[in-house]
Amino acid sequence: MDFKLPSAGWIAAILLGILLIVALWMSYYTVGPESQGVVRRFGKYLQTVDPGLHFKLPFGIDMVTVLPTRRQLKLEFGFSRPSYPTNPIQADQEPDEGKSMVTGDLNAALLEWVVQYRIEDPRQYLFDVRNPGETLRDLSEAAMREVVGDRTVDELITIGRQDIEIEALARMQELSKRYNLGIRVDQVQLKNVNPPSQVQASFNEVNKAQQDRENTINIANGEYNKVVPKAKGEADQTIRAAEGYRFKRVNEAEGDVAAFSSVLLQYIKAPEITRTRLYLETMSEILPQTGQKIIIDESLRQLLPVLPLSTKPGEGKQ
Amino acid sequence: MKKSYFAGIAIIALALLLLLVFSGAFYTVDQTEQVIITQFGQPVGDPIAEPGLHFKMPFVQNVNSLEKRFLEWDGAPVAIPTRDKTYIHVDAFARWRIEDPKTYFVRIHDERSALSRLDDILGSETRNSIAKHDLIEIVRTDKNRQSLHDETLKGGPTGAIGVLPPIEFGRQKIEDEIKTAAAAKLKGFGIAVLDFRIKRVNYNPDVLARIYQRMISERLQIAQRFRSEGEGESARIAGQRERDLNEIQSNAYRAVQRIRGESDAKATEIYARAYTQNPQAAEFYAFRKTLETYHTIFTKDSTLVLSTDSEIFALLKRASTKINDSSMPVETPAKPSP
């Protein structure tokens, strides 16, 4: 029997050795660049450590919880598009319920929004509220519905969006402070806002009707512009023509009159002979061109005055 | 010999320590916990809320740890009728904490029971409060808020689109009402309610159909108004067009007539002045004008019947000319001798 059990000293040494190795392995930890670590010793808060390599007491004496305090975290409401999650509770688990809203004018609407926040006070975040992230989610829904509940559906869909974001943000900040969440809400963003799908068509109809109205008015204006300026132009044209007529008339009259006056002067000098001359000149022009001439002696009284009326146009006159 | 002596002491010390640890003489209270020590099932001493390492009697005493933090309660969505008989789905939540751990521990052993109590009490208070108020009181919060109007979307003369119905209480007051009423009942369980809030309010599905109908008819009414406005404006512009057209054309006509009239008058004046400038002028003018007109009256289709009394034929019967001028002596022809 040459096999001897190792002495108590050896056993102790080996155990201690194992213990030391385990202790060493359990006594260091790293905190990532976006985070901070909260250290508890025997359950009691000890300190908050910044990113880097740190040491703690092993065997569960010191417990470190790492929180992403420098990362911006997001919560999504009313939709569940898979985007890059910044945190595990980011997506809305009940998007259909999450998006339905009742507005202040007792209408219904569908709203999607995003809340961006940051863990500001890690101690509060860990020690004051259980499930602070879920709590923020609940608060956010409550706050948003409160704000929407004081607005009309039109404000929600069109003109009041920014106002809603601002007020919802203020409300959420107020509530998260009240609940000691240790969270700072940075931003509230409204995404898609729509009336419920069943009424969507009627909302579109309003837009269409607005377009139609503009269109009808434009067409009427077009008609007006087609006709009225042209009429103005034509009116001016007739007035100009009348003015032209006036010039013509007056100038012609003055011309005629000037001609007459100069002849008159000559006539007055020798009236009788001028008359005779003019008379004979006229006769010599018209008598030849007259078709039929009948000259009857005045003293011939036996002739029965029978007027040969012909069917030709241009009857003879006496 | 000394070496094994120390080694022995070390092992014994370690063993004792381990014994103590494993027998439960030490316990930790976490930052988030509060602890009740029980001995044979009965709580002893005050609740321990100070975090850290503590001692107790091993074996006999047990550690019961309770939460110190605010805890969740999420009510299941329930259909509740409002005072104006509208059925709505209300989904509420609350945050609560164990304020009096001893009472809590005695009356409620675990969180499941606590949540069940909260369900009962908060649930019934919610139902009561909501049934006492109209729907609008639960939807709205700020009674002073006036809505921003999109002016173009007004309804008809009695249309109330874009208007927030007025309220007296508002959601916050109702939430406070529920919280206060429940808090009194929950105090007896060592539970304090931090806050109670309505997370979601939605119409019941059968009510929804009615709501949608109303929304649709509201919108269609607005659409109708837009269209009719368009038509009205279009008609007005058409009327304006007619009016302006008539105005332009009739003004032009008036101006033209005036100008023509003036020019005719002026011309007439010029002529008249010329033809009356002295006594002979009128006569001369009449003479000339008559002669001129003969040119146009007698054409090659005309038949002239003239008498020898006509002045131009005066020479057909005698040699002397017959002149109108009385100053010239008239030679009477000699009577032909038989």
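From a predicted model like this one, the values you see are computed outputs, not experimental measurements. Below, chains carry the letters A, B, ... as their sequence lines are ordered, and counting in each starts from 1.
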For the interface with chain A, which of B:Leu220, B:Ile211, B:Leu14, B:Val29 has the highest count of heavy-atom pairs at distances below 4.5 Å? B:Val29
Shortest non-hydrogen contact from B:Gly230 toward A:Ile217: O-CG1, 4.1 Å
I need the minimum non-hydrogen distance between A:Val228 and B:Ile248, along with the two atoms involved. CG1-CD1, 3.8 Å
Would you please name every residue forming a ring-ring contact (aromatic ring centres under 6.0 Å, His included) with B:His54, sequence neighbours left out? B:Tyr27
In terms of heavy-atom pairs under 4.5 Å, which option from B:Asp195, B:Ile11, B:Ile167, B:Leu71 contacts chain A the most? B:Asp195
Partner set under ring-ring contact (aromatic ring centres under 6.0 Å, His included) for A:Phe42, not counting sequence neighbours: none
Carboxylate-amine/guanidinium contact B:Arg145 A:Glu155, below 4.0 Å: yes
To check you understand the geometry: which heavy-atom pair defines the closest contact between B:Ile216 and A:Gln198, and what is its length? CD1-O, 3.7 Å
Check this for me, if you would: do B:Arg260 and A:Glu243 make a salt bridge, where the nitrogen-to-carboxylate-oxygen distance has to be below 4.0 angstrom? no
Residue selection (most heavy-atom pairs with chain A, distance under 4.5 Å) from B:Glu242, B:Glu72, B:Glu233, B:Gln249: B:Glu72
Check whether NZ of the Lys or CZ of the Arg A:Arg275 lies under 6.0 Å from the centre of the six-membered ring of B:Phe287 and within 45 degrees of that ring's axis. yes
Is there side-chain contact between A:Lys232 and B:Asp244, with at least one heavy-atom pair below 4.5 Å? no
Which word best sums up how the rings of A:Phe260 and B:Tyr275 line up, parallel for under 30°, tilted for 30 to 60°, or perpendicular for over 60°? perpendicular
Sort out for me which of B:Tyr253, B:Tyr294, B:Tyr203, B:Tyr285 touches chain A most, counting heavy-atom pairs under 4.5 Å. B:Tyr203
Taking every non-hydrogen pair under 4.5 Å, which of B:Ile259, B:Thr32, B:Thr28, B:Thr268 racks up the most with chain A? B:Ile259
Closer than 4.0 angstrom, basic N to acidic O: yes or no for B:Glu50 and A:Lys44? yes
B:Ala255 versus chain A, the contacting section by heavy-atom distance below 4.5 Å: side chain
Quick check on the interface: out of B:Arg214, B:Gln277, B:Lys68, who has the most heavy-atom pairs with chain A under 4.5 Å? B:Arg214
Do B:Tyr271 and A:Asp256 come close enough that some side-chain heavy atom pair is under 4.5 Å? yes
